[in-house]
Asker: 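The structure is given below, and queries will be raised subsequently.
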Amino acid sequence: MEIGCKSVQDRSYRIFLEWDLLRHARSLLEANEIRGAVFVVSDKNVFRLHGKTLRAALRDHTVHVWLAQPGESSKSLNSWRRIHAFLLNNGADRKSTVIAFGGGVIGDLAGFAASTYMRGLDFLNIPTTLLSQSDSSIGAKVAVNHPAAKNLIGSFYQPRFILTDPSLLSTLPKRELAAGVGEVLKYGVIADPLLFEMLYEKVEDLMSHDRVFLEEVILRCVRTKIRVVEEDERETGLRKTLNFGHTIGHALEQATGFKMLRHGEAVAWGMLAAGWLACHRGMWETSEFSKLQSILFRAGSLHPLARATPAGVQRALKHDKKRTGKTLHFVLPVSTGKVIIVGDIPESEILGALQFIFNLASSNSRH
Ligand SMILES: NC(=O)c1ccc[n+]([C@@H]2O[C@H](COP(=O)([O-])OP(=O)(O)OC[C@H]3O[C@@H](n4cnc5c(N)ncnc54)[C@H](O)[C@@H]3O)[C@@H](O)[C@H]2O)c1
């Protein structure tokens with residue numbers, strides 16, 4: 001299946017989504033005029049499992065490979081510098097293509113490196129996690145982290161195209177799949193009540209890699225994300241709704257040094273905190289909030305919060321880069337499929353939401 005995503009100026013791109021697509025990617029590359037040398041940026045897990053299939057698809061090209069250590073800590077200025085050295089040492093020029101082959105970490109890192117080398121090389125994204133196939137590969141945001149804040153150094157850079165092959169998820173560890181449910185469920189709450197209901201009915205099918213269900217879930221998320229970023233690529237309005245669960249999610253990641261929680265797990269806890277705020281304010285039905293909890297619990301997305309504390313998260317919130325002046329913004333549901341942005345929540349209420357998730361985390365860990 002081929003889906004277009006309109007972008008600014010002439011930088012629109014297409015998403016090719018199909019089971020087993022990587023095995024048949026050679027003709028896709030040819031048809032899209034990917035010709036010169038290709039520079040693959042991947043991580044050690046992904047390349048060990050799927051590098052052979054990628055190499056077969058790239059057999060008409062001169063291929064250079066750079067591998068990161070798996071995990072968030074590779075999304076750094078240090079990796080970005082090393083990728084530039086790899087490009088330079090292997091003779092990358094303006095006709096070269098950078099291929100991101102991995103999850104959201106690799107997509108963000110390789111895209112940022114491609115956007116900054118020689119004022120921008122062609123970039124192709126092959127996402128390999130649920131989170132990156134359903135969310136992060138689309139929308140042109142690329143970045144690396146700074147010790148002071150996540151995604152602080154980055155840009156908007158559109159890929160030539162995105163090749164999404166859900167069969168690659170068959171090797172994804174359960175914890176990573178469950179983390180992806182965090183971002184997927186976000187689309188249900190902000191824009192797609194049917195997706196929310198489907199996940200409530202059978203999130204277990206997704207966790208057991210049911211092919212039909214996986215494809216449908218990814219496609220629904222992709223469609224919503226495209227609709228949002230086509231209207232507001234630069235995040236001046238509608239795109240802000242994609243931050244549902246991210247205000248507290250980012251603070252949790254920050255407070256735990258980007259090591260303890262996967263991004264999707266932090267978002268899952270952040271969505272529960274935002275859901276609690278919405279219910280506390282009488283904006284969202286508690287029965288829907290209970291369903292949100294049930295889906296995340298059954299998927300296994302609620303990883304223990306162990307060493308983090310509500311006070312530590314509050315400190316991290318003070319450094320939120322999306323603050324406007326002193327105001328923190330929260331995306332809160334008013335019904336399933338519809339959210340609003342609220343900017344005047346007192347600290348005591350935020351603390352209430354944090355206490356709710358920390359209590360839940362400690363009772364989960366006792367069971
Ligand atoms: N650019 C955006 O719009 C956007 C949106 C959401 C999230 N993000 C970013 O995405 C990142 C998180 O991405 P992620 O959850 O994909 O994490 P990730 O890239 O770290 O991948 C998670 C783990 O899964 C492994 N893995 C990946 N694909 C695999 C496969 N097919 N089989 C086996 N193992 C595999 C990786 O080696 C890694 O250990 C965060 O940095 C977040 O900030 C970006």
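When a ligand or atom number is given, it counts from 1 through the structure's own listing order.
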Asker: Taking N or O atoms only and a 3.5 Å limit, does Gly104 qualify as a polar contact for ligand 1?
Answerer: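 Yes, since at least one N or O of Gly104 sits under 3.5 Å from an N or O of ligand 1.
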Asker: Centre of Tyr157's six-membered ring, under 6.0 Å away, within 45 degrees of the axis: is that where NZ or CZ of Arg11 sits?
Answerer: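 Yes, Arg11 and Tyr157 form such a contact.
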Asker: On the six-membered ring of Phe244, is Lys186 placed so that its NZ or CZ lies under 6.0 angstrom from the centre and within 45° of the ring axis?
Answerer: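 The answer is no; the distance or angle limit is not met.
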Asker: Specify whether His64 and Phe86 have parallel, tilted or perpendicular ring planes, treating 30° as the upper limit for parallel and 60° as the lower limit for perpendicular.
Answerer: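 Rings of His64 and Phe86: perpendicular, over 60°.
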Asker: Can you check whether Trp66 and Phe39 have ring centres sitting under 6.0 Å from each other?
Answerer: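 Here the rings of Phe39 and Trp66 have centres that are no less than 6.0 Å from each other.
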Asker: Can you tell me the protein heavy atom closest to atom 3 (O) of ligand 1 and the distance?
Answerer: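 In this structure, atom 3 (O) of ligand 1 has Lys225 NZ, 3.6 Å as its nearest protein heavy atom.
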Asker: Can you label the angle between the His84 ring and the Trp80 ring as parallel, tilted or perpendicular, going by 30° and 60°?
Answerer: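 His84 vs Trp80 ring planes: tilted.
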Asker: Hey, does Leu168 come in under 3.5 Å of ligand 1, counting only N/O atoms on both sides?
Answerer: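 In this structure, Leu168 places an N or O atom under 3.5 Å from an N or O of ligand 1.
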Asker: With side chains defined as the heavy atoms from C-beta onward, is the minimum distance between Trp284 and Leu292 less than 4.5 Å?
Answerer: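 In short, these two side chains touch, coming nearer than 4.5 Å.
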Asker: Would you mind running through ligand 1 and noting each atom that sits below 4.0 Å from a heavy atom of Thr128?
Answerer: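 The atoms of ligand 1 under 4.0 Å from a heavy atom of Thr128 are 27 (C), 28 (N), 29 (C), 30 (C), 31 (N).
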Asker: Would you mind running through ligand 1 and noting each atom that sits below 4.0 Å from a heavy atom of Pro173?
Answerer: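 Heavy-atom distances to Pro173 below 4.0 Å select 33 (C), 34 (N).
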Asker: Checking a contact table here: which protein heavy atom is nearest atom 20 (O) of ligand 1, and how many Å away?
Answerer: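 The closest heavy atom on the protein side is Val105 CG2, 3.3 Å.
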Asker: Among protein heavy atoms, which lies nearest atom 4 (C) of ligand 1, and at what distance?
Answerer: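 Checked against all protein heavy atoms, atom 4 (C) of ligand 1 sits closest to Ser136 CB, 3.2 Å.
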